[in-house]
Chemist: 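Please read through the structure below; I'll follow up with questions.
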Amino acid sequence: MGSGLLDEDTAAALPEGRRLEGRGVPWRERLFQLGLWASLAVGVVFLASLLVYVVVEAWPRLDLRILTHFPDIIDPSNAGAQSAVMGTIWVIAFTALYCLPTGILTAIYLEEYADPHRWYNRVVEINIQNLAAVPSIVYGILGLGIIARGMGFGQTVLTASLTLSLLVLPTVIIAAREAIRAVPQSIREASLALGATRWQTIRRQVLPAAVPGMATGSILALSRAIGEAAPLLLLGGLAFITFNPSGLDSPFTVLPIQIFNWISQSRAEFISLASAAIVVLLVILLAMNSLAIWLRNHYSHRW
Amino acid sequence: MNMRTPLRRTTAPAAVTAALTAALVPAVSGCGTSGTDASGNGAAARQLSGTVRVDGSSTVAPLTSAAAQLFQGENPGVRVTVGTSGTGGGFEKFCAGETDISDASRPIEDDEKRACADNDITYQQLRIANDGLSVVVNKDNDFAKCLTVEQLRRIWEPGSDIKNWNQVDPDFPDEELELFGPGTDSGTFDYFTETINGEEGASRTDYSPSEDDNVVVQGIAGSRGGMGYFGLSYYEENKDELNVVKIDGGDGCVEPTAQTVQNGTYKPLSRPLFIYPKASSMAKPEVEAFVDYYVENNAEIAEKALFVPLNPQQNTQLKDDLQRLKEQQGS
């Protein structure tokens, strides 16, 4: 409200603002604007054509069979992606379970407790930022070597979700830190001044205020994990699976791997199926991102 | 036999518990297993459960997947996973003890044998089907009856500048060469490039690729100078629209047929496909039942997955090898 009032004031103070803006735009500025639009168009046009292409390709198979049927190598018209959809849900649910608490607690430590002047805290910080840039296939190698073989978990839902947790952990930490940092210092000071302990301040003031930002960042990080095929291909590439996961120790397949598998088949029906599975994946991603946007708009705090 | 009705997912919780129990205690359901009733039909009547892990060649994967699908239709309690790590990647996992069966499009190599021996993994090679590629041209093409491997290589090698049939052989007429083939993701592409160009994935890129073999068929059928390659079973389905080219692999021109692929005289675009079951895994009733089913129904499975089935002699060999595998397990 306050800022709105201020805007009106400024507008009133500059009654000729409109005319100032319209008076002879220099060609350099026009060129710059054109450049801006062109850059915008690259992304939008590319995304739109991708969506149209996928939906057109998928059209013959875009029905409920994709959700209710299991992969069928002999009769494509009887095939669906239920095992992959369920596998994706299982893997992502456990990824969230492992990486969200770890990531958020790490962020609280780094923001609220760690002394940024200590060398070891700086090392941790640099490490996290570098980890966020490591290619996902490297996490696949790590998962295969340490989690699947070293720890003996095999190619299971557990291994996949632990590997994906490691993959998105840096992103979650960075997003959570940003959210915590966005809480004004004055709130903390006020809380401490009223006699609250550091824990009480974090618990009752900082965390509630930072939750929307953390949730948004975490959901976007999980969206990335959903689309990942590379590390999971390395973990087993289990491509033909006609059953839903039954537990953490169960073999699984996920949508990106199922898509990859269908694309390499030699019959046109399988290619449509792959497109239909891409549409399902896009719908899941879109739903998660919408949730993130809704959370941000609905709960975000302004000071 | 009423077990065969596909009541697949109706008893989910029961199946979950059963699968979990079986994974932890593989011996539980195997009280009266060994011996006589292990062959095909007897296995379907018993309620089997557990997981069969298969990995390996991406060429063999469709075959094993078809087997897995048909088998699971009859044994809804068993879960078969078929991975596609490639023949080499499959053996790596197999010899590390991570899989029950390895799919392979070539026999196991010496260093892989050593890796298996180091981990005390014994196995038996089972030739389960035959794979053959056919090189095809337009129906009106009456000159390219036979091509040598060398000619194929000159046409398909990376950077090839052959654009006309008379560049392939001066006796051929002046006819523009239009090439069609599978996309780079397919096992057919890998196999063809490896045998013809000497390196997997090495191919000229200025041809019309399609993951859909029907598109390749249509393309060649619609172009007088068209040429392409795909699995032999695909040519046989489209015999009326295309001509097949005989291949001279050094011993004269041979036409690809089920017989020449089976006996290996069609060179070098034919090969045997193998599965390698682990001897110790055969003690698990679900693995034994799956291998039995696969061997028993190999002709039907090969046909459904569009491969060339075994000839009677190879079939006998397969049964003998399976017997040998079961004897290994006993020792």
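Since the structure is predicted, the reported quantities are computational estimates derived from the model, not experimental observations. Here is the naming used below: chain letters follow the sequence lines, and residue numbers restart at 1 for every chain.
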Chemist: Between B/Gln69 and A/Phe70, is any pair of side-chain heavy atoms under 4.5 Å apart?
Modeler: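 In short, these two side chains do not touch, never coming nearer than 4.5 Å.
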
Chemist: With heavy-atom distances below 4.5 Å as the criterion, would you say the side chains of B/Thr81 and A/Phe243 are in contact?
Modeler: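 Yes, side chains in contact.
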
Chemist: With a 4.5 angstrom heavy-atom cut-off, could you sort out which part of B/Ala305 is near chain A: side chain, backbone, both or neither?
Modeler: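 The answer is neither part of B/Ala305.
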
Chemist: Please look at B/Tyr234 and chain A and tell me whether the side chain, the backbone, both or neither of the residue comes under 4.5 angstrom of a heavy atom of that chain.
Modeler: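 The side chain, not the backbone.
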
Chemist: Once side-chain contact (heavy atoms from CB on, under 4.5 Å) is applied, do any residues pair with A/Glu269, and if so which ones, sequence neighbours excluded?
Modeler: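 side-chain contact (heavy atoms from CB on, under 4.5 Å) list for A/Glu269, sorted by chain: A/Pro76, A/Arg267.
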
Chemist: Using non-hydrogen atoms and a 4.5 Å limit, figure out which bit of B/Pro62 sits close to chain A: side chain, backbone, both or neither.
Modeler: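 Both parts, heavy atoms under 4.5 Å.
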
Chemist: Examine whether an atom of A/Ile271 lies under 4.5 Å from a heavy atom of chain B, and if so say whether it belongs to the side chain, the backbone or both; otherwise answer neither.
Modeler: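 Only the side chain of A/Ile271 comes within 4.5 Å of chain B.
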
Chemist: Any idea which heavy atoms bring B/Arg53 and A/Gln155 closest together, and the distance?
Modeler: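 Heavy-atom minimum between the residues: NH1-O, 4.0 Å.
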
Chemist: Between A/Pro251 and B/Thr51, which heavy-atom pair has the shortest distance, and what is it?
Modeler: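 Looking at all heavy atoms of both residues, the shortest contact is CG-CG2, 4.0 Å.
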
Chemist: For the CZ atom on A/Phe260, are there more than 12 heavy atoms of other groups (residues, nucleotides or ligands in this structure) within a distance under 6.0 Å?
Modeler: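 No, the 6.0 Å shell around CZ holds no more than 12 heavy atoms from other groups.
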
Chemist: Heavy-atom count around B/Glu303 CD within 6.0 Å, excluding the residue itself: above 12?
Modeler: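 Open: at most 12 neighbouring heavy atoms sit under 6.0 Å from CD of B/Glu303.
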
Chemist: Return the minimal non-hydrogen interatomic distance between A/Phe240 and B/Ala68, and the atom names on each side.
Modeler: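 Residues A/Phe240 and B/Ala68, closest heavy atoms: CE2-CB, 4.3 Å.
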
Chemist: Is it the case that the side chains of B/Arg79 and A/Thr242 hold a donor-acceptor pair, with the cut-off being a distance below 3.5 Å and no angle test?
Modeler: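 Note: A/Thr242 and B/Arg79 side chains miss the donor-acceptor criterion.
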
Chemist: Identify all side-chain donor-acceptor contacts of residues 40-58 of chain A below 3.5 Å with residues at least two apart in sequence or on another chain.
Modeler:
{"from": "A/Ser49", "atom 1": "OG", "to": "A/Val45", "atom 2": "O", "distance (Å)": "2.8"}
{"from": "A/Ser49", "atom 1": "OG", "to": "A/Phe46", "atom 2": "O", "distance (Å)": "2.9"}

Chemist: Checking heavy atoms, do the side chain of A/Asn261, its backbone, both or neither come under 4.5 Å from chain B?
Modeler: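 When you check distances to chain B, no heavy atom of A/Asn261 falls under 4.5 Å.
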
Chemist: CD1/A/Ile74 to CD/B/Glu300 distance, rounded to the nearest 0.5 angstrom?
Modeler: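 If I round to the nearest 0.5 Å, the distance is 7.5 Å.
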
Chemist: Any side-chain heavy atom of A/Ile241 sitting closer than 4.5 Å to one from B/Val80?
Modeler: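 They are not in side-chain contact.
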
Chemist: Going from CD1 on A/Ile73 to CG on B/Leu70, what distance comes out if it is rounded to the nearest 0.5 angstrom?
Modeler: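 With rounding to 0.5 Å, CD1 (A/Ile73) is 11.0 Å from CG (B/Leu70).
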
